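The next block holds one structure in the form of C-alpha cells; read it before the comments.
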Number of protein chains: 2
Amino acid sequence: MVSIRDVAKAAGVSTATVARVLNGGAPVSPDRTNRVLRAVEELDYVSNGVAASLSRGRTGLLGLLVSDIANPFTAQVARGLEDEAVRHGYQVLIASSDFDSEREAQVLSSFARRTVDAVALLSSSGVGEGVARLIRNGLPTVFVDRRPPDLGEIPLVRTDSLGAAREAVRYLIDLGHTDLGMISGPSGMPTAAQRLAGFREACESAGLVVRPECVREGFLGTQGGYTAMCEVLDLDRRPTAVFSFNNVLAIGALQAVRERAVRIPADLSLVTFDDTDLFPFVDPPITAIEQPAYDIGAQAGRLLFDRLDGGETGDVDIVLPTEFHIRGSCGRPGR
Amino acid sequence: MVSIRDVAKAAGVSTATVARVLNGGAPVSPDRTNRVLRAVEELDYVSNGVAASLSRGRTGLLGLLVSDIANPFTAQVARGLEDEAVRHGYQVLIASSDFDSEREAQVLSSFARRTVDAVALLSSSGVGEGVARLIRNGLPTVFVDRRPPDLGEIPLVRTDSLGAAREAVRYLIDLGHTDLGMISGPSGMPTAAQRLAGFREACESAGLVVRPECVREGFLGTQGGYTAMCEVLDLDRRPTAVFSFNNVLAIGALQAVRERAVRIPADLSLVTFDDTDLFPFVDPPITAIEQPAYDIGAQAGRLLFDRLDGGETGDVDIVLPTEFHIRGSCGRPGR
DNA sequence: CTGAAAGCGCTTACAG
DNA sequence: CTGAAAGCGCTTACAG
C-alpha cells in the first residue's frame, strides 16, 4: 500500500503539505500543489480512510440499523436519511439484523465503537444492553418508528400508530363488522402494542367483544403472517375482518387466504398498516395505512445533524401524519 | 471518551494486557484478567473500532454497493451476503447510490480508502474511475449481476440474462404474439443490453420484426417504467405483448396500464424479469423470471472470502439458474 | 506558505 | 504471563 509518506517523498515535500493539498482548506503554493498532485497520480495514491477517521476523530458516517432490509418502509426511510446525510457531506451505512438479536447486538456494538458518528435505529428490538451502551457513550442517536422504554432523552420520529390503527379499525366497524381479528406483531415491540391497543380501543368503544383467539401474534417476516392468518382462518368461527400489523405480515396473510380459497372482501375484509407500491394492483387492491417513510428518515437525519452540530435535541417525539388509503379489500360482512 | 489507557491505569496493568484480555487469544493471569474486567465495567469502556482497524490493518467489514435499496432483488442479495459474512465474523455495510452516479463515486471512493476489507458491487453503473481504482488498489472485489467491460480479472456472479429473456419472449411468441414491445433498461447497463438481445433473438429467430418504437428505454425506478409504458400504449398501433426489464419498471408499467384501462392479458400480455412476493397476488398474477437472489449474494460472499483467505479467484463467471413463473398476465393476442 | 513533531487509540512483535 | 515501545497512516496545532 502506498501511504502519504511515499507521496511526500516522491513530491519532495512533507506529509503535512500532501495532506493540505488533498484536503484543501489550507493554502499551498502552486508549485508544491502540482508536485503533490503529480506524485498522487503517479503512485495512484488513495488515502487511508481509517487513519484519517482516527486522527480527525470523526468518520463521516451515519449508521442505520434496520431489522428487515426487505421491508419497503425500511428502504424509504433509508432514502430520506441518505438524502439528508449527503446534504451534510455524510454517507449512511445500513446494517441489517434480519430479526436476529445476536446480529443486532453485534451491529450496535460495532456502532458503539465509534465506527460511525451517529446512529439511527429503525425498529430495533431494543432488547439488551446494546442500545443503552450506545447512548451512555454519548453517540448521537435517534429512534425511528419506536423506542424502548426507560432509555432517557433520546429523540424519536414516528407516526401515531395507535390513532391510525384505531381509525382503520373503526372504518371496518362502520362497514358493519362486529367480529374482528388481528395479525399482531411481536408483543415486545412498542408499535405492535400500540397498534393492538388501537384495535382494541376501536372495538371496545363500539361495544364489540374481541375474541382472544382472533388475535394472533406473528413473528416478523411473511412466514409469520402466513402462519398467523392460517390460525385465524382455521377457527371454527372466523372473524369477518382482519387488521394486519404491517405490510410484510399482510403478504404472508394473503398467501394463507389464497391457499384456503377465501374471497376478499366477500368472505373476509383486510386492512393493513404500511402501504406498498403493489397494493393498489393486488386482487383486490389492499386498503392500507401509509406512513411517510421518506420524511421520517429525513427528519431523523435532521435531528442527528442538530446534535452533531452541537445542538440539543432532548426528548423530542416527532409524530408525522399517516394516510389511510381505502381500496378494495374491505366490504360489508356476511355478504 | 475513556480510552484503553484509562482502563490500564485503573486496573494497574499495561495497555497490552488490557488488549489481551479484551481480544482474547493471549494468556493473561486470572488476577489481572479480573482487574481489567472490573475496570472496564466501572469505566464503561468500549474500545475504539477505528483505532483497532488501523492497527490491525483490517476492518472486519464487507462493503455492498447497491443502486436501488428498494428493489426486492437487492434485499435478498444482501441477505445472502450477510449470512455468509456473519459466518466469517464479518459485518456487511450497505451503501446505496439511489441511481445517482455522484453518490456512487463517493461510495466507491470511500471503499477504496480501505474503510472496508472487500467489496461487492451490485448493479453499479460501472461508469467512471471509481471501480477501476478500487481494483487497482487491490481490494478484493466481486461483481453481482453485471460487470463493466475491460476491468480485468474480477469475478462475477449472475444469471443468464440473455437466455432467460429469450425463453420468456419465446413463450409470448408461442402464445401467438407477433408484435412485441419491450420496456428496456438504460442502454449502458450490460444486463439491459443482454435482456434486450434476448428479446431480439427470440423475435428474429421466429421471423418477427421488432418495430423500433416498441422498444422503450426506461430510466430506473417505477417512474421510468410508467413513462416507458405510457409511450408504448400511446402508439397508434400497440404491440400485443410487452417484456419488462425488471420488477421495478414493471410496477411503473402497471400504473400506466391501469390509468389507460388497458386489460391484462386480454389487451396486453406482460412478462417481467425479476419476481416479487406480491406478483402472484396482482390482478392478474404477473408472469415473471425469478433470479436466485439470496444464493447470488451468498456466492458473492464466498468468492470474497476466498480472496481474503489468500486464495485466487481470477476471472470467475458464475451463472446461477433462473426460474420462469408462468402466471396470469399473458394470453393469446387479439382476443 | 511550510515542516517537524505530537497525537488519534489501538495492536503486536520483542525481550524478559 | 507481562510491559515498554514501535507502529498503523493520517491530521493539525505550533513555530517559523
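No experiment lies behind these values; they were computed from the predicted model shown. Every chain is numbered from 1, with letters handed out A, B, ... down the list of sequences. Scope of the values below: all heavy atoms of this structure, side chains included, with no hydrogens, waters or symmetry mates.
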Review point. For the residue pair A/Met1 and B/Asn137, what are the closest heavy atoms and their distance?
Key: CE-O, 3.7 Å
**Study point:** Within residues 292-311 of chain B or reaching into it, pairs that qualify as side chain to side chain donor-acceptor pair (under 3.5 Å) - sequence neighbours excluded
**Key:** B/Asp83-B/Tyr294
**Study point:** Nearest-Å distance once atom C1' is located in both D/dT12 and D/dG16
**Key:** 16 Å
Revision key, fill the gap. Counting primed atoms, P, OP1 and OP2 as sugar-phosphate and everything else as base, the B/S/- map of nucleotides 6-12 of chain C against protein heavy atoms under 4.0 Å is -BBBBSB
Check your understanding: Between the side chain of B/Thr115 and the main-chain N/O of B/Ser110, is any donor-acceptor distance below 3.5 Å?
Key -> yes
Review point. Any ion pair linking B/Arg136 and A/Asp44 (charged N to carboxylate O, less than 4.0 Å)?
Key: yes
Review point. Quick one: does A/Asp98's side chain have a donor or acceptor within less than 3.5 Å of a partner on A/Asp100's backbone?
Key: no
Check your understanding: Can we say B/Arg79 and A/Asp68 salt-bridge, meaning some charged N sits less than 4.0 Å from an Asp/Glu carboxylate O?
Key -> yes
Point to revise | Ring geometry between A/Phe305 and A/His88 (parallel below 30°, tilted from 30 to 60°, perpendicular above 60°) | key: parallel
Check your understanding: Under a cut-off of 3.5 Å for both distances of each Watson-Crick or G-U pair, what dot-bracket string does DNA chain D give, using [ ] for crossing pairs and | for inter-strand pairs?
Key -> |||.||||||||.|||
**Study point:** Charged N-O contact under 4.0 Å between B/Arg38 and B/Glu41
**Key:** no
